[in-house]
Amino acid sequence: MSVALRHALGRALVLALFALELALLSTCSPPIPKLEQIQRLGVIKVATINSPTTYYKSGDGEVGFEYDLARRFARELGVRLDLRVVESAQAALEAVSAQRVHMAAANLSITDQRARNILFTPAIREVTPKLVYHMGSGKPRTLDGLDEPIRLPSSSAHLELLSQLRERHPSLRWEEIDDVSAEELLAAVGEGRYKFTVGDSDLIAMTARYHPKLLEVFDLGEPVRKSWAFRHHRDSSLYNAATRFITEMHADGSLAKLEDRYFGHVDRMDFVSSRTLSEHLEERLPKFRPLFEAAGRDTGIDWRLLAAISYQESHWDPNARSVTGVRGLMMLTRATARFVNVSRRTDPRQSIEGGARYFRYLLDRLPDEVPSPDRVWMALAAYNLGYGHLQDLRELTEKRGGNPNSWIDVRGNLRLLTQRKWYQQTRYGYARGNEAEVYVGNIRTYLDVLTWMTRQEGEEAGGDLASPRQAAPSPTPPIALEFELPVL
């Protein structure tokens, strides 16, 4: 055997022994717990879905009950939240099982079938499953009296409940529909396209604000627990941390406060209350009217439009605060406040001036070909949704053969931003278009009232809601309406 060959064999033997030593060491060393792995990595991957009860993007930024809670958990662990938006609750569970994420926070119902394969934390909150119908189609008295099948999304957690109910109601029928969310089906029933569906009490209440013909029939069972989902594994360190976190949130009342911020108001219809508005016109508006008038002169915007925006946002309460932390008479986010040079959002003068400047910015940012008053209504939608979502909506309107410069056409497509088929084609994704439709409609109603009120005072009407932007704002008289507002 040559010297070179002996050296080569010797090196190979040394490498083999080294590899064996490493294997033995790794076998003997205890594995790093999952929680420690995540903390070393500095990020936790969480699956969620787009839903008003879970997570979505709005003009206020990223919001949602599950998003807020998951963000707090990540902060508790000292890591960054990496949110992965998937198409459905079932997809979130599958992402957990396939270890593409560490957990799922997607408003998930705990069911017996799911619990066989998924590890659920203690309940975060509870909702009640309800049968709903379209007003005018005839309210059924029992499950045996349904003349159409109940429509549900494919893989819905409610399918397990209906299977149990059919043991007592053999005639009960249902139909699974692919590529549709529970929110979309509730809207479809509210619009009369289907007669029946099943939904959770919180989502039903939210959807009914925009679909008044969506009515409850009765409860279908006991309250259902909502929870976070983890993969079954012998290493339960991350699951245990989540369980402790939720238990502590329950114990100190933080979870109840968070739930109230997102869901405590959902059973109140977001329609105009004439009595409340009348009281606020007498008691609150006089204190702030000079500020609205001054901001209107400075920006070339009808002061009554600014006052109507403020009433929709805060009911003219300078200390108002939303679930996302926006504050003040014009409900400015921190980012928007910085953009318009507002240092104290609860200061009435700063808030009104800042809100007026921001609305002026949105008006001016719209393409020149958008006429008035359409550009005013679109700017209002952008104030609520965010300018990016409005641009997505205009592009969808054009794609569907509508006029992207016409508010009527754009308004007719607002709900597309809640439908997966459409928002997946956009740059900014899901948004609560239903909310923006009500938002703009309410402001136009408040504007009608304020216009009527000032005409009763003898104030002359003339000009536009918003005059062209001047290079240097001049103290011109308040600008009013030159047309009658169309019926919404």
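- The aromatic rings of Y262 and F65 sit perpendicular to each other, their planes meeting at more than 60°, with 30° as the lower class boundary.
- Y67 is linked by a ring pair (Phe, Tyr, Trp, His ring centres under 6.0 Å) to Y55, counting only residues two or more places apart in sequence or in another chain.
- With rounding to the nearest 0.5 angstrom, the CG atom of L380 is 8.0 Å from the CG atom of L363.
- No side-chain heavy atom of I352 sits under 4.5 Å from any side-chain heavy atom of W303.
- In this structure the side chain of R166 never reaches within 4.5 angstrom of the side chain of R173, judged on heavy atoms.
- Looking at D448 and R444, no side-chain N of the basic residue comes within less than 4.0 Å of a carboxylate O on the acidic one, giving no salt bridge.
- From L214, atom CG reaches atom OG1 of T207 across 6.5 Å, with rounding to the nearest 0.5 Å.
- With respect to the salt-bridge test (charged N to carboxylate O, under 4.0 angstrom), the residues R415 and E437 qualify.
- Between F196 and W174, a ring centre-to-centre spacing not shorter than 6.0 Å is recorded.
- With hydrogens and angles ignored, the 3.5 Å screen pairs no side-chain donor or acceptor of H169 with any backbone N or O of L143.
- Here the side chains of F245 and L69 are in contact, with some heavy-atom distance below 4.5 Å.
- E160 CD: more than 12 foreign heavy atoms inside a 6.0 Å radius.
- With K226 as reference, D200 is the one residue of I110, T53, D200 to meet the side chain to side chain contact (heavy atoms under 4.5 Å, CB included) rule.
- Taking the side chain as every heavy atom from C-beta outward, P153 and L185 approach each other to under 4.5 Å.
- Judged purely by distance below 3.5 Å, without hydrogens or angles, the side chains of S109 and T111 never pair a donor atom with an acceptor atom.
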Under 3.5 Å, which donor-acceptor pairs link side chains of residues 215-223 to any protein atom two or more places apart or in another chain?
residue : atom : partner : partner atom : Å
E216    : OE1  : K130    : NZ           : 3.4
D219    : OD1  : K130    : NZ           : 2.6

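- Looking at residues two or more places apart in sequence or on another chain, you find no salt bridge (Lys or Arg N to Asp or Glu O under 4.0 Å) involving R365.
- Residues M378 and V410 approach most closely at CE-CG2, 3.8 Å, considering heavy atoms.
- Looking at T247, its side chain does come within 3.5 Å of a backbone N or O of T243 through a donor-acceptor pair.
- The side-chain heavy atoms of L152 and L162, taken from C-beta on, include a pair separated by under 4.5 Å.
- Heavy atoms only, all atoms of each residue included: A229 and I118 are closest at CB-CG2, 3.5 Å.
- Below 30°, between 30° and 60°, or above 60°: for Y358 and F339 the angle between ring planes is above 60°, a perpendicular geometry.
- Partners of D147 under the salt bridge (Lys or Arg N to Asp or Glu O under 4.0 Å) rule, at least two apart in sequence or in another chain, are K195.
- Judged by distance alone, the side chain of D302 and the main-chain N or O of L465 form no donor-acceptor pair under 3.5 Å.
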Practice task
Show your reasoning for whether side chain to side chain donor-acceptor pair (under 3.5 Å) applies to N442 and Q312.
Solution key: CA-CA 7 Å; N442 281 356; Q312 170 64 25; 3.3 Å; yes
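- Applying the side-chain hydrogen bond (donor to acceptor under 3.5 Å, both in side chains) criterion to K399, with sequence neighbours excluded, gives Q425.
- Side-chain contact between S310 and F288 is absent, with no heavy-atom pair separated by less than 4.5 Å.
- At least one cation-pi condition fails for R289 and W316: the charged atom is not both under 6.0 angstrom from the six-membered ring centre and inside a 45 degree cone around its axis.
- In this structure, the side chain of R375 engages the main chain of P367 through a donor-acceptor pair within 3.5 Å.
- The two residues V224 and P129 come nearest to each other via the heavy atoms CG2-CD, 3.7 Å.
- H280 pairs by the ring pair (Phe, Tyr, Trp, His ring centres under 6.0 Å) definition with Y311, H315, not counting sequence neighbours.
- Partners of F120 by ring pair (Phe, Tyr, Trp, His ring centres under 6.0 Å), not counting sequence neighbours: none found.
- Judged by distance alone, with hydrogens and angles left aside, the side-chain atoms of S351 form no donor-acceptor pair with the main-chain N or O of P348 at under 3.5 Å.
- The structure places NE2 of H211 at 8.5 Å from CG of L186, a figure rounded to the nearest 0.5 Å.
- We find the CD1-CG distance between I309 and L329 to be 12.5 Å, quoted to the nearest 0.5 Å.
- Under the 4.0 Å criterion applied to side-chain N and carboxylate O atoms, D112 and R116 are not assigned as salt-bridge partners.
- Heavy atoms only, all atoms of each residue included: M330 and A356 are closest at CE-N, 4.4 Å.
- Under the 3.5 Å distance criterion, the side-chain polar atoms of T54 are left unmatched by any main-chain donor or acceptor of S51.
- Of the possible polar contacts, none joining the S406 side chain to the G402 backbone as a donor-acceptor pair under 3.5 Å is found.
- The main-chain N or O of P404 is never found under 3.5 Å from a side-chain atom of T397 such that the two would form a donor-acceptor pair.
- Among residue pairs with one or both ends in residues 305-329, none qualify as salt bridge (Lys or Arg N to Asp or Glu O under 4.0 Å); sequence neighbours excluded.
- With rounding to the nearest 0.5 angstrom, the CG atom of L306 is 11.0 Å from the CG atom of L291.
- Within a 6.0 Å sphere centred on CZ of R225, heavy atoms belonging to other residues, nucleotides or ligands number 12 at most.
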Practice task
Kindly determine whether N384 and V440 satisfy side chain to side chain contact (heavy atoms under 4.5 Å, CB included), including the steps that lead there.
Solution key: CA-CA 9 Å; N384 176 251; V440 176; over 6 Å; no
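- Taking a cutoff of 4.0 Å between a charged side-chain nitrogen and a carboxylate oxygen, R394 and D392 do not qualify as a salt bridge.
- Across all their heavy atoms, T121 and A242 have their closest contact at CG2-CB, 4.1 Å.
- Put simply, the side chain of H134 gets close to the backbone of V189: a donor and an acceptor are under 3.5 Å apart.
- At least one side-chain heavy atom of I150 sits under 4.5 Å from a side-chain heavy atom of L131.
- Closest of all the heavy-atom pairs between A307 and L450 is CB-CD1, 3.9 Å.
- R338 is linked by a salt bridge (Lys or Arg N to Asp or Glu O under 4.0 Å) to nothing, counting only residues two or more places apart in sequence or in another chain.
- The salt bridge (Lys or Arg N to Asp or Glu O under 4.0 Å) search around R125 returns D202, E259, not counting sequence neighbours.
- Note that CG of L417 is 9.5 Å distant from OH of Y430, once rounded to the nearest 0.5 Å.
- Contact of the I49 side chain with the V86 side chain is registered, since non-hydrogen atoms from C-beta on lie closer than 4.5 Å.
- Pairs passing the salt bridge (Lys or Arg N to Asp or Glu O under 4.0 Å) check and including a residue from residues 175-187, sequence neighbours excluded, read R151-E175.
- Side chain of S314 to backbone of A320: no donor-acceptor contact under 3.5 angstrom is found.
- For Y133, there are no ring pair (Phe, Tyr, Trp, His ring centres under 6.0 Å) partners at least two apart in sequence or on another chain.
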